Structure formats: C-alpha cells, structure tokens
Amino acid sequence: QVQLVESGGGLVQVGGSLRLSCTASGRTFSVNRMAWFRQAPGKEREFVATIRWSGGSTFYADSVKGRFTISRDSGKNTVYLQMNSLKPEDTAVYYCAAGGGPGFYYTEAPYESWGQGTQVIVSS
C-alpha cells in the first residue's frame, strides 16, 4: 500500500498561482506513475496531469496544457503541480494518485492509491 499526503491548496485570485505537493510513502517501489485529478462541485472527477516516475514523461489535460506543470523529486518521493494563470473553472478538490497498473493514464484505472484531496478555490 502507498500512502499519499497532499498539501498546497488554498484560495487564490484569478490569474494567480499555486503549487500543490504530494508525498508518497510505503510501498513506493510499486509506483511507476503518479497523477493529479480534480473534482469540481457537482461534477465527476477528471484527469489533470500525469508523470512517469522513471523517465519523467508527462501528459496533460487540454484544459490545463500550457498553464500547469507536473514534476517530481524522486529523492523526496514527491510530485508537484505548479498551477499558473488560474481560472475560476480550476476551482476543485485536487487529488494525488499513484499506481502501476494497466489502463490509460487519463483514467482512474492505473491508480491504486489516492490522497485525501486538497481544495483549490479561484476567486474572481
């Protein structure tokens, strides 16, 4: 089992920036991919970004491409989500996910472990 702890959410104005962090512990050797998903009020959880632990290749949802950057610090078992040019529609609970199973990276299928979520509110 992998435990994930997120931090860095909060309230920010339109156009502002936030950086989310997610630190993994436990059976981290089983993880080959980590990701961020988000869930806005009244909506389903959706994919935001993912990074392969080995090699560091990244993929993004079209809605955040060019504004968000996912990165990792292998030594700290931590993945980051730098969010710039934030918009009101980015308001959501952001979840960190980790996994190594089969399935498309933009679905929840490959991810066996999930964090508790951190709230991001973008005010206009």
Side-chain angles (χ1 to χ4, degrees):
Q1 189 75 3
V2 175
Q3 293 77 44
L4 302 173
V5 177
E6 301 121 331
S7 62
L11 175 65
V12 64
Q13 291 188 333
V14 170
S17 299
L18 280 176
R19 188 177 82 155
L20 306 183
S21 301
C22 174
T23 299
S25 60
R27 296 171 58 91
T28 56
F29 58 86
S30 66
V31 173
N32 64 27
R33 179 177 294 285
M34 292 186 71
W36 289 95
F37 285 73
R38 67 185 181 186
Q39 187 168 22
K43 296 186 177 181
E44 294 187 353
R45 191 156 57 184
E46 64 175 6
F47 168 76
V48 175
T50 188
I51 186 167
R52 283 190 64 89
W53 207 248
S54 175
S57 59
T58 59
F59 296 94
Y60 297 89
D62 287 344
S63 59
V64 306
K65 203 172 294 183
R67 300 187 297 123
F68 290 11
T69 302
I70 189 171
S71 61
R72 77 202 189 298
D73 184 329
S74 300
K76 295 181 179 180
N77 284 336
T78 298
V79 65
Y80 304 97
L81 185 69
Q82 177 66 44
M83 306 185 294
N84 298 328
S85 302
L86 283 161
K87 304 175 181 180
E89 51 264 43
D90 295 318
T91 294
V93 176
Y94 283 71
Y95 296 91
C96 177
F104 293 109
Y105 63 83
Y106 51 85
T107 70
E108 297 188 11
Y111 308 102
E112 299 99 354
S113 301
W114 292 82
Q116 296 289 337
T118 184
Q119 177 75 57
V120 171
I121 299 173
V122 183
S123 68
S124 55

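In this text the structure is predicted, and so the values were computed from the model without any measurement.
Here Trp53 pairs with nothing under the ring-ring contact (aromatic ring centres under 6.0 Å, His included) rule; sequence neighbours left out. Listed by chain and residue number, Val2, Met34, Ala98 satisfy the side chain to side chain contact (heavy atoms under 4.5 Å, CB included) test with Val31 (two or more places apart in sequence, or in another chain). Residues satisfying the side chain to side chain donor-acceptor pair (under 3.5 Å) test with Gln82, not counting sequence neighbours, are Asn84. Here Thr78 pairs with Thr23 under the side chain to side chain donor-acceptor pair (under 3.5 Å) rule; sequence neighbours left out. For Tyr95, the side chain to side chain donor-acceptor pair (under 3.5 Å) test picks out no residue, with sequence neighbours left out. For Glu46, the side chain to side chain donor-acceptor pair (under 3.5 Å) partners two or more places apart in sequence, or in a different chain, are Arg38.
For the atom pair OH (Tyr94) and CG (Leu81), the distance works out to 7.5 Å, reported to the nearest 0.5 Å. Between Asn32 atom CG and Ser54 atom OG the span is 8.5 Å, to the nearest 0.5 Å. Annotation: the span from Ser124 atom OG to Leu86 atom CG amounts to 12.5 Å, rounded to 0.5 Å.
Trp114 and Val93 fall within the same hydrophobic cluster, defined by Ile, Leu, Val, Met, Phe, Trp and Tyr side-chain heavy atoms under 4.5 Å apart, directly or through other members. Note on Phe47: it does not cluster hydrophobically with Leu20, by side-chain heavy-atom contacts below 4.5 Å among ILVMFWY residues. Val120 is connected to Val79 through a chain of hydrophobic side-chain contacts under 4.5 Å among Ile, Leu, Val, Met, Phe, Trp and Tyr, so both are in one cluster.
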All N/O donor-acceptor pairs, side-chain side in residues 56-68, below 3.5 Å, sequence neighbours left out:
unit_1	atom_1	unit_2	atom_2	d
Tyr60	OH	Ile70	N	2.9
Asp62	OD1	Lys65	NZ	3.1
Arg67	NH1	Ser85	O	3.0
Arg67	NH1	Asp90	OD2	2.7
Arg67	NH2	Ser63	O	2.9
Arg67	NH2	Asp90	OD1	3.0
Arg67	NH2	Asp90	OD2	3.4

Solution key, residues 103-111 side-chain donor-acceptor pairs under 3.5 Å, sequence neighbours excluded:
unit_1	atom_1	unit_2	atom_2	d
Thr107	OG1	Phe104	O	2.8
Thr107	OG1	Ala109	N	3.4
Glu108	OE1	Arg45	NH2	3.3
Glu108	OE2	Arg45	NE	3.0
Tyr111	OH	Thr50	OG1	3.2
Tyr111	OH	Tyr105	O	2.7

Distance-only donor-acceptor hits, side chain of residues 4-15, under 3.5 Å, sequence neighbours excluded:
unit_1	atom_1	unit_2	atom_2	d
Glu6	OE1	Gln116	N	3.0
Glu6	OE1	Gly117	N	2.6
Glu6	OE2	Cys96	N	2.7
Glu6	OE2	Gly117	N	3.3

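Dense packing is recorded around CD of Glu89, with more than 12 heavy atoms of other residues, nucleotides or ligands lying under 6.0 Å away.
When atom types are taken as modelled, the side chain of Thr91 and the backbone of Pro88 share a donor-acceptor pair closer than 3.5 angstrom. The backbone N or O of Ala92 lies less than 3.5 Å from a partner atom in the side chain of Gln119, making a donor-acceptor pair.
Identified under the disulfide (SG to SG under 2.5 Å) test for residues 59-88, with sequence neighbours left out: none. Applying the salt bridge (charged side-chain N to carboxylate O under 4.0 Å, His left out) definition to pairs two or more places apart or across chains, none involves residues 12-37. Listed by first and then second residue, the disulfide (SG to SG under 2.5 Å) pairs that reach into residues 55-92 come to none, sequence neighbours excluded.
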